[in-house]
Every structure is written in structure tokens, then in C-alpha cells.
Amino acid sequence: MNLLQTVYLANRLIRRGLTRKPLNSSTEIRLTRLCTQRCRQCSVYEKTTDPPSLTLAQFKAIMTRLKDYGAFIGFISGGEATLVPDLDRMLIEAKKTFALATTLVTGLYNKTDIIQKAARTALDHDIHIQTSLDGLGSLGDNLRGVRHFSDTVLRHMAWISEHRGNSRSLLYANIVMNHLNLDQVPVLIRRANDLGWQTTVGMYHSLTATTRKDDELRLLPGKRLDKTIAALMEHPRVLNLKSYLAGVPEFVSSQTSDICAFLDAPVLATRFTIMEDGAVHLCYGDPVGNIFNQTLDEIIRSDAYRKRLDEYRSCRGCWTTCYTQRYLLIHPRSLRELIQNVKNIRKVT
């Protein structure tokens, strides 16, 4: 982060802090409900919004709204983002909008020429690329609902690495840990690392509107999970906060957490998700507004937004990378966690 970005961030932070409004540190924009996969944990492809994808004009309108309010870290996702014809132009617009970082979130499961075009745009503009690598062989096919999942994704990961050149794009594969793939997690990390990709891990959940409940995927407490977490905490190329990883077994056992990013860090840790129809979501629950009809400031000041936060006061809690880890990053609970967090930030940047 350069000096100009630092001054801009500090100014926005002070202004939002004084008014107790979210900084909007992170925004995910889901370009489309269309997807090339049929993942067991996801129901995005079952949505019926019409039209199914954002147009370039709509995307630019969203970017204008975000610029007016302030936007720092952006995730451009789907569905499968590479199914959107104007993705390359959208990525360039996003790069102009988000002050600190822009990430293309793609399953890398599409026609090779389409994947290569999107990846080239991202690499040329120092846009990060995140993919998912949840299983190898038949297990991967079962979890993602398609044939030759891991072979296809790994092949595209290899191409991107080979053509990275001097790009400053961060390449990383996210592994959603579940009961079925837990034993493969170390192997998945190694396969990604061998291709020059960093890794992150999350845990299966059914918290949001587009995550599906599947009892076979639910993590179970015990030595199997504890062993995996212990290995992850010592792995040099796993980007997760150690405090997040350490809390996974406890949450799996209790299914409760006293941390809510939206309530406990309303200025710094709030995360918005904007859907293909303009609907604005927090984590679970109906939309709190629509960015095509309202400014982000109007949404934040609305009764719907306030009522949603009131609902979260009775939530049993979660332990997700999207929400909980964001809170832990800016609220270290000890000097040791603070030092570890600084080290993690350095690894990512």
C-alpha cells in the first residue's frame, strides 16, 4: 500500500468511525447465477433471477456506487464468473474501483480458451486469482458435481503459473474442509503449492442463502480433525490466521461462537455481497437493499439494515473465513496473535 492509498484509507476510516458506519473494507460482487459446476455445498445454480447475469452497464453502475461510498477490497465471483461475456472489461473497471486489491474468484472449470483469456486479463492488471480445490479424482467429482474436476482445475492452474511472468497477482486455491475430504487436505495443499499457488482453507457451512445443508459434509470433532488442524497451523504456505485455524475444532464441537463481525466490529469488519440482480446481502437473511435503487449509504441507514443487525444478536455464531477471520485479523486477542497477524499480512502482500 503506497502513501496515497494509506492517506485515503485513514481518512475514510476516521470519517466512518466517527459516524459508526461501515468502512466497506470488503465487497463481493456475484456477476452471475450461472455456473459450470454443481457443487454439493452450493445452490447458486438453482436461483432463477432473470436476467441471470450483470451487464457491463450494470456493473459500471455498481462501481460508481461503490466509489461514492468507498471501496477497498473487491471479490468478483459468481456462479462462475468466466461465463460472463464482458468479464475482462469488468475486471478492469473493478481494478479502478477497489483501492487496495481486486480478486477474481473462479472455479477454473470452463473451456480452456475462456479461462486463459480471463486469467491473462487478471495477470496483466495485477488482479489476484482465487480458485477452489476441494478434492482429487472421484472425490473431487463427487463434491463438485462434474467430471474430471481436479484434472481440469490443476491443468488451468498450471497454465496460469506458467504465464504469470512479472505479474504481482496473488494466486491461491481455497480448500473447503468437510468430513469427506479431510484426509485429502494435505495432498491438495501440496498439489497447489507444487504449481506455485498459495492455499487457504475454510470449513463447510450452510450459513448463507446459497450454501446447502449436507450432513455428510459436516465436520466432526475428534482426532482426525485435530491432526489436520495441527498440520495446517505449522504449514508455511497456508495463508489463514493461526487464530482462525485454532478455533475450528472448538467451533465444530460446540457449534457456537460469541464473535459476530457485523456486531462486534461494525466499522471495520462488515462485508457486503452484491448479487447479480443488485440485491445487497450481509451474511444470512434476505437482502437489506438493492444497489440499483439505493446508494450504499441509504442502505446502511435503512430500517432493513438495522433490523438485520438486531436479528444477528440472537445468532448462535459462525466460524467462517469470510466473517470470523476478518474480525480476528483486526481484533487480535493477545500480543502473540497480533504478531502472527502481521506475519500473515506480509505473506499475502
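Model, not experiment: these values are computed from the prediction.
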Under a plain distance cut-off of 3.5 Å, with no hydrogens placed, do [Y] and [X] share a side-chain donor-acceptor pair?
X      : Y      : answer
Thr320 : His205 : no
Ser302 : Gln294 : no
Thr49  : Asp277 : no
Asn174 : Ser132 : no
Glu276 : Thr32  : no
Thr211 : Gln41  : no
Arg218 : Asn178 : no

Student check: side-chain heavy atoms of Arg30 and Leu54 closer than 4.5 Å: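 Not in contact.
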CZ/Arg155: more than 12 non-hydrogen atoms of other groups inside 6.0 Å: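 Yes.
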Atom CZ of Arg191 with >12 non-hydrogen neighbours under 6.0 angstrom: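 Result for CZ/Arg191: open.
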Ion pair [X]/[Y], N-O distance below 4.0 Å:
X      : Y      : result
Asp126 : Lys95  : no
Asp214 : Arg40  : yes
Arg33  : Glu46  : no
Lys21  : Asp297 : yes
Glu298 : Arg301 : no
Lys117 : Asp113 : no
Arg306 : Asp310 : yes

Residues that, via side-chain heavy atoms closer than 4.5 angstrom, fall in one hydrophobic cluster with Leu139: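 Other cluster members: Leu143, Val176, Leu180, Tyr204, Leu217.
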CA sep, side-chain torsions, deciding dist, call: Gln130, Thr103, side chain to side chain donor-acceptor pair (under 3.5 Å): CA-CA 7 Å; Gln130 174 193 332; Thr103 299; over 6 Å; no
Side chain to side chain donor-acceptor pair (under 3.5 Å) contacts touching residues 244-255 (sequence neighbours left out):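 For residues 244-255, and leaving out neighbouring residues, the side chain to side chain donor-acceptor pair (under 3.5 Å) pairs sorted by first residue read Ser254-Thr256.
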Parallel, tilted or perpendicular: ring planes of Trp319 versus Phe251, cut at 30 and 60 degrees: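 The rings of Trp319 and Phe251 lie parallel, inter-plane angle below 30°.
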Show me the donor-acceptor pairs within less than 3.5 Å that the side chains of residues 231-238 make with the rest of the protein, sequence neighbours left out.
{"unit_1": "His235", "atom_1": "ND1", "unit_2": "Arg237", "atom_2": "N", "d": "3.1"}
{"unit_1": "Arg237", "atom_1": "NH1", "unit_2": "Asn193", "atom_2": "O", "d": "3.4"}

